[in-house]
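Here the structure is laid out as structure tokens; the discussion comes afterwards.
Counting convention: from 1, in listed order, for ligands and their atoms alike. Here the structure is a predicted model, which is why all the values come from computation and not from measurement.
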Amino acid sequence: MPINEDTIEATYLKMQEKLCGIVPEIELRYKAELVYEINRLKVERNAVILGHNYMEPALFHTVPDYIGDSLELSRKAVQTDKNVIVFCGVRFMAETAKILNPEKTVLLPSLEAGCSLAESITAQDVRKLRAQFPGAPVVTYINTYAEVKAESDICCTSSNAAKVIEALKSDTVIFLPDEYLAKNVARDTGKKIILPRKHNHNGLANAVIAWDGRCEVHEKFTVEDILTVRKQFSDVVALAHPECRPEVVEAADFSGSTSAMAKYVQNSSACRYLLLTECSMGDNIAAENPEKEMLRLCSVRCQHMNQITLEMTLNALNHTRYVIDVPQDILTRAQRAVEKMLEIL
Ligand code: 13P
Ligand code: SF4
């Protein structure tokens, strides 16, 4: 919930209560002014702020009206009655909000907030795969741009990928563009994996046809990381996002979307966790669970998510920037794929 206090001082005190030990004191003073101003402008502009779980703690705990993973925020984007949606996340997320709300103004505070997965595939790549594997439905991860969603039958997120594949009731599916998520989902759904750009494929029965896109953050984690931490802390509970390599997911104790991992920590009684995901989320979970210890490999930040700061969010509201637009023909087709996902689950 946002910190909606009447004065900057009261905003600062609330932030201190929540973020003491997580955000340096000197930053809290300065950031309280930004938070106060953002929350004031948000009301004036009739705006809603959606914040992804990877936002830095001083932003995550203070200005978003709703926080969550990609699926939760897509659902919130549909439900809002505000005129302006400020998306504190990356471009594919803001585009999804626009696809679901064509008549609203959707703002992304930085144009640098991309995603290595979304960059890894084009609409033409999808058309080629359809031609190569006729009849196989195309499932695309929400971490793609609108042109790619427009070529797809249905979208999915990290929290519903297996359910979407099962709901299609098709023996063979094309699943794009995350190779590791595809492999993790193939294992969960009992299908074999085919990577058309890497190896020959003999027989398509019961298969997930994948692409070789990678998340530049999650591909850094290794089984070695887990083993090294386990050696030092035998009681550690390891949590891995399904964008991690399959062997990392298998070596972990739990794998799920960013929100699923946060809920796992909230509901579990263990006292020490290793988070194999973007590091800011570890800070955000630590702020909510001060009695639990969050271990993380702290050099691992998403350079794209990291672009979104309180300063940029204030500028977004002040100057109505950066406006996300999707051409109408692409939007209509992409909307079908996203809505189909929201309908069935
Ligand atoms: P979630 O949908 O799990 O929040 O994942 C989004 C993402 O980009 C993870 O890297
Ligand atoms: Fe994309 Fe990976 Fe960053 Fe998520 S963490 S936005 S998948 S680059």
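Against a heavy-atom cut-off of under 4.0 Å, His218 is close to the following atoms of ligand 1: 10 (O). Residue Leu117 has at least one heavy-atom neighbour below 4.0 Å for each of these atoms of ligand 2: 7 (S). Less than 4.0 angstrom separates some heavy atom of Tyr54 from each of these atoms of ligand 2: 5 (S). For ligand 1, the atoms sitting less than 4.0 Å from at least one non-hydrogen atom of Ser158 are 1 (P), 2 (O), 3 (O), numbered in the order shown with element in parentheses. Close contacts between ligand 1 and Ser257 involve ligand atoms 3 (O) [criterion: under 4.0 Å to a heavy atom]. The contact set between ligand 1 and Tyr54, taken as ligand atoms under 4.0 Å from a residue heavy atom, comprises 9 (C), 10 (O). Per-residue contacts place Asn143 under 4.0 angstrom from the following atoms of ligand 1 (heavy atoms of the residue considered): 7 (C), 8 (O). Counting atoms of ligand 1 from 1 in the listed order, those under 4.0 Å from a heavy atom of His52 are 1 (P), 4 (O), 6 (C). Shown in contact with Ser70 at under 4.0 Å from a heavy atom are these atoms of ligand 1, numbered in order with element: 1 (P), 2 (O), 4 (O), 5 (O), 6 (C). Atoms of ligand 2 found under 4.0 Å from any heavy atom of Asn143 (numbered from 1 in listed order, with element): 7 (S). Listed by atom number, the atoms of ligand 2 under 4.0 Å from Ser116 heavy atoms are 8 (S). Of all the atoms in ligand 1, the ones that sit under 4.0 Å from a non-hydrogen atom of His241 are 1 (P), 3 (O), 5 (O), 9 (C).
Residue, atom and distance of the protein heavy atom nearest to atom 2 (Fe) of ligand 2 are Cys215 SG, 2.3 Å. Nearest protein heavy-atom neighbour of atom 1 (Fe) of ligand 2: Cys115 SG, 2.4 Å. With respect to atom 7 (C) of ligand 1, the closest heavy atom belonging to the protein is Glu243 OE2, 3.7 Å.
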Steps toward side chain to side chain contact (heavy atoms under 4.5 Å, CB included) verdict (Val265, Met294)
CA-CA 9 Å; Val265 175; Met294 294 298 132; 3.4 Å; yes
Derivation and outcome, side chain to side chain contact (heavy atoms under 4.5 Å, CB included), residues Ile209 and Phe175
CA-CA 6 Å; Ile209 299 156; Phe175 185 96; over 6 Å; no
Run the side chain to side chain contact (heavy atoms under 4.5 Å, CB included) test on Ser70 and Met93 for me, step by step, so that the C-alpha distance in whole Å, both residues' side-chain angles and the decisive distance to 0.1 Å come before the verdict.
CA-CA 7 Å; Ser70 312; Met93 295 178 178; 3.8 Å; yes
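Under a 3.5 Å cut-off, the side chain of Thr7 and the backbone N or O of Ala10 do form a donor-acceptor pair. Looking only at distances, a side-chain donor or acceptor of Lys98 sits under 3.5 Å from a matching main-chain atom of Lys104. The backbone N or O of Arg45 sits nowhere less than 3.5 Å from a side-chain atom of Asn83 that would complete a donor-acceptor pair. Panel note: side chain Asp253, backbone Ala238; a donor-acceptor pair is recorded below 3.5 Å. Using a distance-only test at 3.5 Å, with no hydrogens or angles considered, no donor-acceptor pair links the side chain of Asp125 to the main chain of Ile121.
Contacts between Glu278 and ligand 1 below 4.0 angstrom, taking non-hydrogen atoms only, are absent altogether. If you look at Glu243 next to ligand 2, the close heavy atoms, those under 4.0 Å, all belong to the side chain. Proximity of Cys302 to ligand 2, defined as any heavy-atom pair under 4.0 Å, is confined to the side chain (atoms from C-beta onward). When heavy-atom distances to ligand 1 are checked against a 4.0 Å cut-off, Thr157 has no atom that comes that close, whether in backbone or side chain.
Under the 4.5 Å side-chain contact rule for hydrophobic residues, Phe254 and Val249 do not share a cluster. By the criterion of side-chain heavy atoms lying less than 4.5 angstrom apart, applied directly or through intervening Ile, Leu, Val, Met, Phe, Trp or Tyr residues, Leu100 is grouped together with Val48 in one hydrophobic cluster.
Polar contact with ligand 1: absent for Asn53 (N/O pair, distance under 3.5 Å).
Both the sub-6.0 Å distance and the 45° axial angle are not jointly satisfied by Arg245 relative to the ring of Phe221.
Evaluated for a side-chain contact (heavy atoms from CB on, under 4.5 Å) with Pro109, the options Leu59, Leu310, Thr313, Leu314 yield exactly one hit, Thr313.
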